[in-house]
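The block underneath contains the structure these notes are about, expressed in structure tokens.
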Amino acid sequence: MEILFTIFVGVLIGAIDALPMLLKKMDKTSCLSAFVQYVIVTFIVFNTTLPQLGINEFLVGPVVSFLMALPVVVLIAKEERKAVPIVLVNAVVLGLLISVIKHFSVSLFV
């Protein structure tokens with residue numbers, strides 16, 4: 001995949017995650033953290049396969065995103081337990097979206 005496309009998708013996914021946080025007037029550092037998290041998740045998903053787990057290519061995004069969200073969840077759980085399921089569901093849904101975009105864009109760069 002081309003690096004610029006990967007960054008573009010990461011910025012798009014990061015904005016999808018951070019925008020509702022900004023609209024709820026949450027801490028700007030938390031919003032930036034969520035944005036950066038998904039830019040990095042996108043880069044990793046676009047450049048990773050998990051054959052050792054024997055999973056479908058569509059599940060790479062949700063698995064990687066979920067695993068990368070766990071350290072954030074540990075921090076969040078201390079103050080806001082109600083946010084934990086939301087963060088984890090977001091991780092799975094956005095991870096799946098990243099995998100779908102990766103799948104359908106591969107033909108553009110071959």
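For this chain, numbers begin at 1 and follow the sequence in order. Because the structure is a prediction, the values reported are computed rather than measured.
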Exercise for the section: Ignoring hydrogens and angles, tell me if any N or O in the side chain of Ser105 forms a donor-acceptor pair with the backbone of Lys102 under 3.5 Å. Expected result: yes

Exercise for the section: Give a yes or no on whether Phe46 and Val11 share a hydrophobic cluster (residues Ile, Leu, Val, Met, Phe, Trp, Tyr; joining criterion: side-chain heavy atoms under 4.5 Å apart). Expected result: yes

Problem - Joint hydrophobic cluster, Val93 plus Val64, side-chain heavy atoms closer than 4.5 Å - result: no

Practice task
Supply the members, apart from Met21, of the Ile/Leu/Val/Met/Phe/Trp/Tyr cluster built from side-chain contacts under 4.5 Å; use none for a lone residue.
Solution key: Met26

Exercise for the section: May I ask you to list the residues sharing a hydrophobic cluster with Ile86, side-chain cutoff 4.5 Å, ordered by chain and number? Expected result: none

Exercise for the section: Walk me through it: do Ile98 and Ser65 pass the test side-chain contact (heavy atoms from CB on, under 4.5 Å)? Expected result: CA-CA 9 Å; Ile98 294 166; Ser65 185; 5.7 Å; no

Completion exercise
Sorted by chain and number, sequence neighbours left out, side-chain contact (heavy atoms from CB on, under 4.5 Å) with Ile55 holds for Leu50, Leu53, Leu59, Val60, Val63

Completion exercise
Those residues at least two apart in sequence (or on a different chain) that pass side-chain contact (heavy atoms from CB on, under 4.5 Å) with Val36 are Leu32, Ile40

Could you grab the distance from atom [atom1] of [X] to atom [atom2] of [Y], nearest 0.5 Å is fine?
X	Y	atom1	atom2	result
Leu12	Ile101	CG	CD1	6.0 Å
Leu22	Phe35	CG	CZ	10.5 Å
Leu94	Ile16	CG	CD1	6.5 Å

Handout entry: Qualifying ring pair (Phe, Tyr, Trp, His ring centres under 6.0 Å) pairs with a residue from residues 76-98, counting only residues at least two apart or across chains
Key = none

Exercise for the section: For residues 50-101, pull every pair meeting ring pair (Phe, Tyr, Trp, His ring centres under 6.0 Å), keeping only residues two or more places apart or in separate chains. Expected result: Phe58-His103

Problem - side chain to side chain donor-acceptor pair (under 3.5 Å) pairs, two or more places apart, involving residues 14-37 - result: Asp17-Asn90

Fill in the blank from the handout: For Thr6 and Thr42 the tightest heavy-atom approach is O-CG2, 3.6 Å

Just distance, no hydrogens or angles: give the donor-acceptor pairs under 3.5 Å from side chains in residues 74-83, sequence neighbours left out.
none

Handout entry: Within-4.5 Å side-chain heavy-atom neighbours: Met68 and Ile44
Key = yes

Problem - Side-chain touch Ile7/Phe43, heavy atoms, less than 4.5 angstrom - result: no

